[in-house]
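Just so it is clear, the model here is predicted, and its values are computed rather than measured. For the single chain, residues carry numbers from 1 onward in sequence order.
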Amino acid sequence: CGYKMSFALPKSTKADKFLPKKVFEAKTPKGKKVFKSVAKITLTHKLSPRTINIEKTQKVPEILLFEIVLHEKKIPKNAIKAIDAITSLPILYKFVYEEHFCFGISLLEEKRYFYSEWDEVKEFSFSDTTLEKVYQNIVKSFLHVSTANDFKESLELEQKVQMLRKEIQALENKIKNEKQFKKQLELSRILKPLKQELQNILKENDAKH
């Protein structure tokens, strides 16, 4: 593939272990269908106190790095949910389709997932005081906005930005399809403060970084 998975990780973390798709299919309802677009699953790295000399926590005893080769340029979201349910460990995914790639990670204890754009080069930091902090840093690298220290706050801010973007998009679509000028004006009046709020959050975030 055009972009090799090269992380700034010690050799001791390398696993390069092929994981048979059948094992995951067997433990998943309608497994064959769920994993249809997956060609190959490899555990490339394992981050644990033994391999990277960083303290584990009860929540994050280790972090796994998976490379998933695909038959099509589409993230198999149901397959990822199934893998997460089976392993119940934080996993940083790299998806590969021909020379294209992208990354993904789930939020522990919540059914929230974060994905990069296709072919978006990301820098991940794997050094911190605990594996839980390392995991939080990985998740934060997927967020569009984040606060310096507070992980929970960063997630809440990200959720707010995503909700505002959705609302703005929905209103813009309504305005575009609305025939009556009066109604267009009403919708525009609702839209303006939402756009302003989003702009303020992003501006404030840029100023902090």
Side-chain angles (χ1 to χ4, degrees), residues 1-28 30-48 51-52 60 62-108 111-128 131 134-146 154-155 158 161-162 165-166 169 202 206 209:
C1 88
Y3 178 79
K4 278 286 170 205
M5 196 176 204
S6 57
F7 293 123
L9 280 166
K11 272 203 177 92
S12 52
T13 62
K14 262 180 106 60
D16 284 335
K17 189 182 174 192
F18 170 67
L19 305 174
K21 191 167 86 159
K22 281 182 194 153
V23 174
F24 293 105
E25 285 176 346
K27 293 179 180 178
T28 307
K30 294 185 179 152
K32 273 203 165 13
K33 192 182 173 191
V34 170
F35 284 87
K36 202 176 88 174
S37 64
V38 173
K40 190 181 171 193
I41 305 168
T42 309
L43 166 63
T44 60
H45 298 76
K46 186 191 255 193
L47 276 54
S48 69
T51 66
I52 201 167
V60 183
E62 55 187 41
I63 300 167
L64 307 177
L65 275 62
F66 276 26
E67 181 170 288
I68 298 192
V69 179
L70 302 168
H71 290 303
E72 57 179 338
K73 194 182 168 188
K74 191 179 173 210
I75 294 164
K77 294 185 179 176
N78 288 336
I80 298 316
K81 282 178 188 169
I83 292 170
D84 279 350
I86 292 160
T87 54
S88 67
L89 283 166
I91 300 168
L92 172 61
Y93 293 94
K94 183 197 176 196
F95 305 98
V96 178
Y97 172 68
E98 292 175 354
E99 74 280 8
H100 302 288
F101 65 91
C102 75
F103 299 97
I105 197 161
S106 73
L107 194 54
L108 287 174
K111 299 287 173 263
R112 272 172 79 190
Y113 284 78
F114 300 100
Y115 298 102
S116 70
E117 297 297 324
W118 281 97
D119 303 326
E120 177 191 343
V121 177
K122 293 193 86 61
E123 297 290 325
F124 298 108
S125 165
F126 296 106
S127 60
D128 214 309
L131 286 172
V134 171
Y135 163 73
Q136 289 177 354
N137 292 338
I138 295 169
V139 172
K140 274 170 113 172
S141 70
F142 283 87
L143 308 182
H144 298 92
V145 288
S146 67
S154 294
L155 293 173
E158 176 76 10
V161 165
Q162 298 305 346
R165 283 188 170 145
K166 253 188 202 160
Q169 186 68 60
L202 297 176
D206 287 343
H209 291 272

Quiz item: Sub-3.5 Å donor-acceptor pair from the side chain of Lys94 to the main-chain atoms of Ile68, do we have one?
Solution: no
Exercise. Would you indicate whether Lys74, at its atom NZ, is surrounded by more than 12 heavy atoms from other residues, nucleotides or ligands within a distance under 6.0 Å?
Key: no
Quiz item: Would Phe142 and Tyr113 count as a side-chain contact (heavy atoms from CB on, under 4.5 Å) if you check the C-alpha gap in whole Å, the side-chain angles of each, and the deciding distance to 0.1 Å?
Solution: CA-CA 10 Å; Phe142 283 87; Tyr113 284 78; over 6 Å; no
Quiz item: Got a second to check how far Leu70's CG is from Cys102's SG, nearest 0.5 Å?
Solution: 8.0 Å
Quiz item: CD of Glu62 to CG of Leu131: how many Å apart, nearest 0.5 Å?
Solution: 8.5 Å
Quiz item: Where do Ser127 and Val134 come nearest, in terms of heavy atoms and distance?
Solution: C-CG2, 4.2 Å
Self-check item: Worked check of side-chain contact (heavy atoms from CB on, under 4.5 Å) between Leu155 and Val139
Solution: CA-CA 9 Å; Leu155 293 173; Val139 172; 4.2 Å; yes
Practice problem: Verify the distance criterion only: is there a donor paired with an acceptor across the side chains of Tyr135 and Asp128 at less than 3.5 Å? | Solution: no
Quiz item: What heavy-atom pair brings Ser141 and Ile138 nearest, and what distance separates the two atoms?
Solution: OG-O, 2.6 Å
Exercise. Could you list the residues that satisfy salt bridge (charged side-chain N to carboxylate O under 4.0 Å, His left out) with Lys32, not counting sequence neighbours?
Key: Glu25
Practice problem: Answer with yes or no whether the side chains of Ser125 and Asn137 bring together a donor and an acceptor at under 3.5 Å. | Solution: no
Quiz prompt | Heavy-atom closest pair, residues Phe18 and Lys40 | solution = CE1-CG, 3.5 Å
Exercise. Measure centre to centre between the rings of Phe103 and Phe114, then say whether the value is under 6.0 Å.
Key: no
Practice problem: Find the distance between NE2 (His71) and OH (Tyr97) and round it off to the nearest 0.5 Å. | Solution: 10.5 Å
Quiz item: Do the non-hydrogen side-chain atoms of Glu67 and Val96 ever get within less than 4.5 Å of each other?
Solution: yes
Self-check item: Within 6.0 angstrom of Lys36 NZ, more than 12 heavy atoms from elsewhere
Solution: no
Quiz prompt | For Glu158, all residues meeting salt bridge (charged side-chain N to carboxylate O under 4.0 Å, His left out), sequence neighbours excluded | solution = none
Exercise. To the nearest 0.5 Å, tell me how far Ile52 CD1 sits from Ser12 OG.
Key: 7.0 Å
Exercise. Side-chain contact test, heavy atoms from C-beta onward, threshold under 4.5 Å: evaluate it for Leu89 versus Ile63 and give yes or no.
Key: no
Exercise. Kindly write out the residues that satisfy salt bridge (charged side-chain N to carboxylate O under 4.0 Å, His left out) with Glu120, not counting sequence neighbours, or none if the list is empty.
Key: Lys122
Self-check item: Ile41 side chain near Phe35 side chain, heavy-atom distance below 4.5 Å
Solution: yes
Exercise. Evaluate the side-chain proximity of Thr42 to Phe66: yes if any heavy-atom separation is below 4.5 Å, no if none is.
Key: no
Self-check item: Check: Phe126 and Leu92 side chains under 4.5 Å, non-hydrogen atoms
Solution: yes
Quiz item: Side chains of Leu47 and Leu65: does their closest heavy-atom pair fall under 4.5 Å?
Solution: yes
Self-check item: Ile86 to Lys27 - nearest heavy-atom pair and separation
Solution: CD1-CB, 3.8 Å
Exercise. Assign the ring pair Tyr115 / Phe95 to parallel, tilted or perpendicular, where the plane angle (0 to 90°) is split at 30° and 60°.
Key: tilted
Quiz item: What is the distance from atom OG1 of Thr13 to atom NE2 of His45, rounded to the nearest 0.5 Å?
Solution: 4.5 Å
Quiz prompt | For Ala15 against Lys46, the heavy-atom pair lying closest together | solution = CB-N, 4.5 Å
Quiz item: For the atom pair NE2 (His144) and CZ (Arg165), what is the distance rounded to the nearest 0.5 Å?
Solution: 5.5 Å
Self-check item: Min side-chain heavy-atom separation Ile91-Ile105 under 4.5 Å
Solution: no
Quiz item: Any side-chain heavy-atom pair from Lys77 and Ile80 closer than 4.5 angstrom?
Solution: no
Quiz item: Run the side-chain contact (heavy atoms from CB on, under 4.5 Å) check on Phe101 and Val121 step by step: do they pass?
Solution: CA-CA 9 Å; Phe101 65 91; Val121 177; 4.0 Å; yes
